[in-house]
Participant: 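To start, I am sharing the structure in question, which I have written as structure tokens.
All values below were derived from every heavy atom in this structure, side-chain atoms included, with hydrogens, water molecules and symmetry-related copies excluded.
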Amino acid sequence: MKKFAAFLMAALLLAACASFGLAEDITLDVIIAQYGPNTQNWFLGDGMDGSNFVKKFEEANPGVKLNLEVVSWNDLATVVSTRISNNNAPDILNIDTFAQYANEGLLLPVSDYCPDELFADFFPSFIEQSVIDGVCWAVPDLASARALYYNADILAEAGVEVPTTWAELEDACQAILDAFGGEVYPWGVDMTTDEGQAAFAYYAWGNGGGFVDADGNWTVNSEANVEALNFALGLVEKGYTNPNPATQTRYDLQDMFGAGKLAMVIAPNSLPTYIESKGYSGVNYAVADIPHNEGATSSSVGVMDRIMAFKDDSAPDQAARNEAIGKFLTFFYDPANYVGWVSMEDFLPAVNSAVGELVAANPSFEAWLNVLGGCQFYPTAKAEWNDVKQGVINVEQSALTGGDVKAGLDELQAQITK
């Protein structure tokens, strides 16, 4: 009889909860990009080393559950596309691009779920990269900046200073070849499907060109861009670079640099961590601005990834869902969590509140924050960006086997502006 009474009481309580609108726990589907070997453990670890973001979040936010999956960058776009095709988009997505989802009407405006205090904490220059027609569709996850790393010992033995202009770069490359022969590649070039768009940016921006003009119009076939890409390809043709720019990614170049086989490479601020993690030692390296053409200025490439939220018209309580997404963001960007996330792979922060702790832990962060302040970013807010990104890579790879740069860029320009 007591068991029946207890059962009856539980049923009455459940009915009462339902009648008063006390909903079940909200479960958010979250997809996170895999940035490195530590990402999985940081989000979903066993907690023995203080990891497991999901567990900590759920303990701090009763009523909200996370169904979180870490996906490799190689598979991320395909996984998301498949989920969308099956009407199963994630609630929260961490990825680099956003415009295609926003233009298809799939995303929630950030103002629907991001608390005002947190929104004000983001660097404005980062937020601007996710705005279309005055509406912000994503918030920055983290960032990295690129600069020139050089092997100081190799340059000293070759008798050259760090190059600041393209002419000085060619002179330095020739001097390194003369001093080391085939033992050292002077300059690293990555025109692969992984980072070919970055190579285009390094040289185009260093020649006063770029993907778009001051009004945001596509200008991929500008005279400055044609000259810039031909210069880069000339470095390859003269034997100043790694032998296979179409297949050797930036990770291959970073391995060559760490092993002392590459004198100069443009790489992100995380290169020191990469070198250390791979066990390379004895490389006396330093950082400088990316060389540019005479009359132009040096410009670093800023790379920023994002967090965005998808619409879910089937959610029974939209306000509660939006609030839960806001709780996720608030907890993620709390310095107690976010500083560990960013510093884990030596990324740069997207919120002001994390800067103090990061600089205190690693003073070199401050110099990189200054570099980031002068960065140019890819025009990812434009719907055609994915086509442009792949298009410039195609032009580069075609040119590496004899294709004409101007003809290729002219064709790409026509395709994206028709």
Participant: In sequence, state the C-alpha distance, the side-chain angles, and the governing distance for L358 and S343, and then conclude on side chain to side chain contact (heavy atoms under 4.5 Å, CB included).
Facilitator: CA-CA 7 Å; L358 286 166; S343 59; 3.9 Å; yes

Participant: Using the salt bridge (Lys or Arg N to Asp or Glu O under 4.0 Å) criterion, which residues pair with E195? Sequence neighbours excluded.
Facilitator: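 Scan of E195 (salt bridge (Lys or Arg N to Asp or Glu O under 4.0 Å), adjacent residues dropped) gives R146, R250.
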
Participant: Minimum heavy-atom separation for V162 and A288, please, with both atom names.
Facilitator: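 Heavy atoms of V162 and A288 come nearest at CG1-CB, 3.7 Å.
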
Participant: Could you go step by step and tell me if R321 and D317 meet the salt bridge (charged side-chain N to carboxylate O under 4.0 Å, His left out) rule?
Facilitator: CA-CA 6 Å; R321 177 177 180 266; D317 189 334; over 6 Å; no

Participant: Looking at CZ of F53 and CD1 of I32, how far apart are the two atoms once the value is rounded to the nearest 0.5 Å?
Facilitator: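 Between F53 CZ and I32 CD1, I get 8.0 Å after rounding to 0.5 Å.
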
Participant: Any chance you could lay out the side-chain hydrogen bond (donor to acceptor under 3.5 Å, both in side chains) test for N225 and Y203, step after step, and finish with the verdict?
Facilitator: CA-CA 8 Å; N225 290 351; Y203 301 99; over 6 Å; no

Participant: Return all side-chain donor-acceptor pairs below 3.5 angstrom for residues 108-127, not counting sequence neighbours, or 'none' if the list is empty.
Facilitator:
| unit_1 | atom_1 | unit_2 | atom_2 | d |
| --- | --- | --- | --- | --- |
| D121 | OD1 | N352 | N | 3.3 |
| D121 | OD1 | S353 | N | 3.1 |
| D121 | OD2 | S353 | OG | 2.6 |

Participant: Answer yes or no: is there a side-chain heavy-atom contact under 4.5 Å between K278 and Q254?
Facilitator: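 Counting from C-beta outward, K278 and Q254 never come under 4.5 Å.
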
Participant: Looking only at heavy atoms, what is the nearest atom pair of L412 and D387, with distance?
Facilitator: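 Taking every non-hydrogen atom into account, CD1-O, 4.1 Å.
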
Participant: Take V287 and N269 through the test side chain to side chain contact (heavy atoms under 4.5 Å, CB included) and record every step on the way to the result.
Facilitator: CA-CA 9 Å; V287 181; N269 51 286; over 6 Å; no

Participant: To the nearest 0.5 Å, how far apart are NZ in K311 and CG in L107?
Facilitator: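 Going from the NZ atom of K311 to the CG atom of L107 covers 8.5 Å.
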
Participant: On the 0 to 90° scale, with breaks at 30° and 60°, tag the Y378-W385 ring pair as parallel, tilted or perpendicular.
Facilitator: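 Parallel: the ring planes of Y378 and W385 meet at under 30°.
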
Participant: Decide yes or no for T380 and R306: does some side-chain heavy atom of the first lie under 4.5 Å from some side-chain heavy atom of the second?
Facilitator: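 A side-chain contact under 4.5 Å exists here.
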
Participant: Got a second to check how far I92's CD1 is from N67's CG, nearest 0.5 Å?
Facilitator: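 Those atoms lie 11.5 Å apart.
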
Participant: Any heavy-atom pair between the side chains of D289 and L148 that's under 4.5 Å?
Facilitator: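 Sidechains of D289 and L148: no contact.
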
Participant: Please check this pair: side chain of N151 against backbone of I154, looking for a donor-acceptor N/O pair closer than 3.5 Å.
Facilitator: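 Pair found, side chain donor or acceptor close to backbone of I154.
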
Participant: What distance do Y149 atom OH and I266 atom CD1 have between them, rounded to the nearest 0.5 Å?
Facilitator: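 Rounded to the nearest 0.5 Å, the OH-CD1 separation comes to 12.0 Å.
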
Participant: Where do A138 and S130 come nearest, in terms of heavy atoms and distance?
Facilitator: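 Answer, listing the atom of A138 first, then S130: O-CB, 3.4 Å.
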
Participant: Could you go step by step and tell me if Q174 and D178 meet the side-chain hydrogen bond (donor to acceptor under 3.5 Å, both in side chains) rule?
Facilitator: CA-CA 6 Å; Q174 186 60 55; D178 293 342; 3.0 Å; yes

Participant: Do side-chain atoms of D215 reach the backbone of N217 as a donor and acceptor pair under 3.5 angstrom?
Facilitator: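 No.
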
Participant: Do L66 and E58 have side-chain heavy atoms sitting under 4.5 Å apart?
Facilitator: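 Heavy-atom side-chain distance check passes, below 4.5 Å.
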
Participant: Please check if the number of heavy atoms outside E183 that lie under 6.0 Å from its CD is greater than 12.
Facilitator: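 12 or below, so no.
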
Participant: Is there side-chain contact between M191 and L233, with at least one heavy-atom pair below 4.5 Å?
Facilitator: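 In short, these two side chains touch, coming nearer than 4.5 Å.
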
Participant: More than 12 heavy atoms of other residues, nucleotides or ligands under 6.0 Å from CD of E161: yes or no?
Facilitator: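 No, not enclosed.
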
Participant: Using the rule given for side chain to side chain contact (heavy atoms under 4.5 Å, CB included), can you reason through I31 versus D29, listing the C-alpha separation, both sets of side-chain angles and the distance that settles it, and then say yes or no?
Facilitator: CA-CA 7 Å; I31 293 181; D29 284 338; over 6 Å; no

Participant: Any donor-acceptor pair under 3.5 Å linking the side chain of N293 with the backbone of G206?
Facilitator: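 Not confirmed, N293 side chain does not pair with G206 backbone.
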
Participant: Is a side-chain N or O of Q397 found less than 3.5 angstrom from the main chain of I393, in a donor-acceptor match?
Facilitator: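 Answer holds: no.
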
Participant: Between S277 and Y274 (side chain of the first, backbone of the second, donor and acceptor by atom type, cut-off under 3.5 Å), is there such a pair?
Facilitator: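 Checking the backbone N and O of Y274 against the side chain of S277, a donor-acceptor pair under 3.5 Å is found.
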
Participant: Between N244 and Q248 (side chain of the first, backbone of the second, donor and acceptor by atom type, cut-off under 3.5 Å), is there such a pair?
Facilitator: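 It does not hold such a pair.
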
Participant: Using 0.5 Å steps for rounding, measure from the OG1 atom of T247 to the CG atom of D252.
Facilitator: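 It comes to 7.5 Å.
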
Participant: Evaluate the side-chain proximity of W205 to I290: yes if any heavy-atom separation is below 4.5 Å, no if none is.
Facilitator: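 Contact flag for I290/W205 side chains = no.
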
Participant: Given side chain to side chain contact (heavy atoms under 4.5 Å, CB included), test K389 with T97 step by step and report yes or no.
Facilitator: CA-CA 11 Å; K389 173 183 174 181; T97 60; 5.7 Å; no

Participant: Kindly write out the residues that satisfy ring-ring contact (aromatic ring centres under 6.0 Å, His included) with W166, not counting sequence neighbours, or none if the list is empty.
Facilitator: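 With sequence neighbours excluded, W166 shows a ring-ring contact (aromatic ring centres under 6.0 Å, His included) to F231, given in chain and number order.
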
Participant: Please, which pairs that meet ring pair (Phe, Tyr, Trp, His ring centres under 6.0 Å) have at least one residue in residues 396-418, sequence neighbours excluded?
Facilitator: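 Sorted pair list comes back empty.
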
Participant: Look at the side chain of N337 and the backbone N and O of F331, then say whether any donor-acceptor pair between them is shorter than 3.5 Å.
Facilitator: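 Looks like yes, one N/O pair under 3.5 Å.
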
Participant: What are the two closest non-hydrogen atoms of L262 and F257, and how far apart are they?
Facilitator: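 Heavy atoms of L262 and F257 come nearest at O-CD1, 3.2 Å.
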
Participant: Examine distances only and state if a side-chain atom of N230 and a backbone atom of V226 form a donor-acceptor pair shorter than 3.5 Å.
Facilitator: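 Looks like yes, one N/O pair under 3.5 Å.
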
Participant: Could you check, using the six-membered ring where one of them is a Trp, whether W341 and F347 have ring centers closer than 6.0 angstrom?
Facilitator: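 They do not qualify: ring centres at least 6.0 Å apart.
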
Participant: Quick check for you: to the nearest 0.5 Å, what is the distance between S270 atom OG and M344 atom CE?
Facilitator: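 Here the rounded value is 11.5 Å.
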
Participant: So does N38 get a backbone contact from the side chain of N41, meaning a donor-acceptor N/O pair under 3.5 Å?
Facilitator: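 Flag not set: sc N41 to bb N38 has no pair under 3.5 Å.
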
Participant: If you look only at pairs with a residue in residues 71-105, which of them pass as a ring pair (Phe, Tyr, Trp, His ring centres under 6.0 Å), with sequence neighbours excluded?
Facilitator: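 Ring pair (Phe, Tyr, Trp, His ring centres under 6.0 Å) check on residues 71-105 returns Y35-W73, Y101-F310.
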
Participant: A side-chain contact here means heavy atoms from C-beta on lying under 4.5 Å apart; do V303 and P268 qualify?
Facilitator: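 A side-chain contact is absent here, since even the closest heavy-atom pair is not under 4.5 Å.
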
Participant: Considering non-hydrogen atoms only, spot the tightest contact between P186 and A263 and give its length.
Facilitator: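 So the minimum-distance heavy-atom pair works out to O-CB, 3.4 Å.
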
Participant: Going by atom types only, do Q390 and N394 share a side-chain donor-acceptor pair under 3.5 Å?
Facilitator: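 Q390 vs N394: donor-acceptor pair found between side chains.
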
Participant: Should we count CD of E223 as having more than 12 external heavy atoms under 6.0 Å?
Facilitator: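 No - once you tally the heavy atoms of other residues, nucleotides and ligands closer than 6.0 Å, there are 12 at most.
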
Participant: Please list, chain by chain and in numerical order, all residues satisfying side-chain contact (heavy atoms from CB on, under 4.5 Å) with A77, sequence neighbours excluded.
Facilitator: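 None.
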
Participant: Which pair of non-hydrogen atoms, one from G239 and one from L177, has the smallest distance, and what is that distance?
Facilitator: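 For G239 versus L177, the nearest heavy atoms are O-CD1, 3.7 Å.
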
Participant: Any side-chain to backbone donor/acceptor pair from K382 onto G216? Under 3.5 Å, distance only.
Facilitator: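 Answer holds: yes.
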
Participant: State, with a plain yes or no, whether a side-chain heavy atom of I307 is found less than 4.5 Å away from one of F332.
Facilitator: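 Heavy-atom side-chain distance check passes, below 4.5 Å.
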
Participant: D194 and T192: side-chain donor and acceptor closer than 3.5 Å?
Facilitator: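 Looking only at side-chain atoms, T192 and D194 do not form any donor-acceptor pair under 3.5 Å.
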
